[in-house]
Amino acid sequence: KCADRGVPCDLVTGEERRSANEDGSPSNHVACTVEMSNLAQQYEVAVIDEIQVIKDYQRGWAWTRALLGLQAEEIHVCGEVAAIDLIRELMISTGEEVEVR
């Protein structure tokens, strides 16, 4: 959808990397699997989907790593209502603001 609107967006997964720019230069927008999120990069906004997976004992590490480690002015999380209390507690313990919509 980004490309359709003229907004280049790179794709990064554990299996592939696709640059939206023909010259291979990084785009201003990146879509990636949570496991591949770049904690060294600074972002204006990050979106973490499927946040309820944070509770999974095998895969939850990746969501925890992203939520606590992404350097973003704002982090938006999407997922099941059942995850709200856990996310709220994590963010309160780090001194972050939480807004639920």
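For clarity, every value in this text was computed on a predicted model and none was experimentally measured.
- Between the side chain of Q71 and the backbone N or O of L39 there is at least one donor-acceptor pair closer than 3.5 Å.
- Under a cut-off of 6.0 angstrom, the local environment of CG in D56 is crowded, with over 12 non-hydrogen atoms contributed by other residues, nucleotides or ligands.
- Residue P26 comes nearest to D10 through the heavy atom pair CA-OD2, 3.5 Å, listed as atom of the first residue, atom of the second, then distance.
- At distances below 3.5 Å, not a single donor-acceptor pair connects side-chain atoms of K55 with backbone N or O atoms of L86.
- Within the 3.5 Å criterion, the main-chain N or O of S25 finds a donor-acceptor partner in the side chain of S19.
- When hydrophobic clusters are built by joining Ile, Leu, Val, Met, Phe, Trp and Tyr residues whose side-chain heavy atoms come closer than 4.5 Å, directly or via intermediates, I92 is not grouped with V100.
- A donor-acceptor contact shorter than 3.5 Å is absent between the side chain of E80 and the backbone of Q52.
- The structure places CG of L11 at 8.5 Å from OG1 of T33, a figure rounded to the nearest 0.5 Å.
- Note: R88 CZ to S93 OG = 13.5 Å, rounded to the nearest 0.5 Å.
- The neighbour count for E44 CD, taken as heavy atoms of other residues, nucleotides or ligands under 6.0 Å away, does not exceed 12.
- Residue pairs meeting the side chain to side chain donor-acceptor pair (under 3.5 Å) criterion with at least one partner in residues 58-67, sequence neighbours excluded, are S37-R65.
- V53 and V47 are assigned to two separate hydrophobic clusters, defined by single-linkage of ILVMFWY side chains at heavy-atom distances under 4.5 Å.
- In terms of hydrophobic clustering, with Ile, Leu, Val, Met, Phe, Trp and Tyr side chains grouped at heavy-atom distances under 4.5 Å, V7 and Y43 are assigned to different clusters.
- Other residues, nucleotides and ligands place no more than 12 heavy atoms under 6.0 Å from the NE2 atom of H29.
- Connection of I54 to V81 is established within a shared hydrophobic cluster, with ILVMFWY side chains joined at heavy-atom distances below 4.5 Å, either directly or through further cluster members.
- Side-chain contact between I48 and L70 is present, with at least one heavy-atom pair separated by less than 4.5 Å.
- The shortest side-chain heavy-atom distance between E96 and I75 does not fall under the 4.5 Å cut-off.
- Of all heavy-atom pairs spanning M36 and R17, the tightest one is CE-NH2, 3.5 Å.
- Looking at heavy atoms from C-beta onward, V12 lies out of side-chain contact with N38 at the 4.5 angstrom threshold.
- Residues A83 and I51 share a closest heavy-atom pair of CB-CG2, 4.0 Å.
- The distance from atom CD of E99 to atom CE of M91, rounded to the nearest 0.5 Å, is 14.5 Å.
- Taking both residues in full, the closest heavy atoms of V34 and A62 are given as CG2-O, 3.6 Å, listed atom of the first, atom of the second, then distance.
- Within the 4.5 Å cutoff, no side-chain heavy atoms of I87 are placed close to those of V98.
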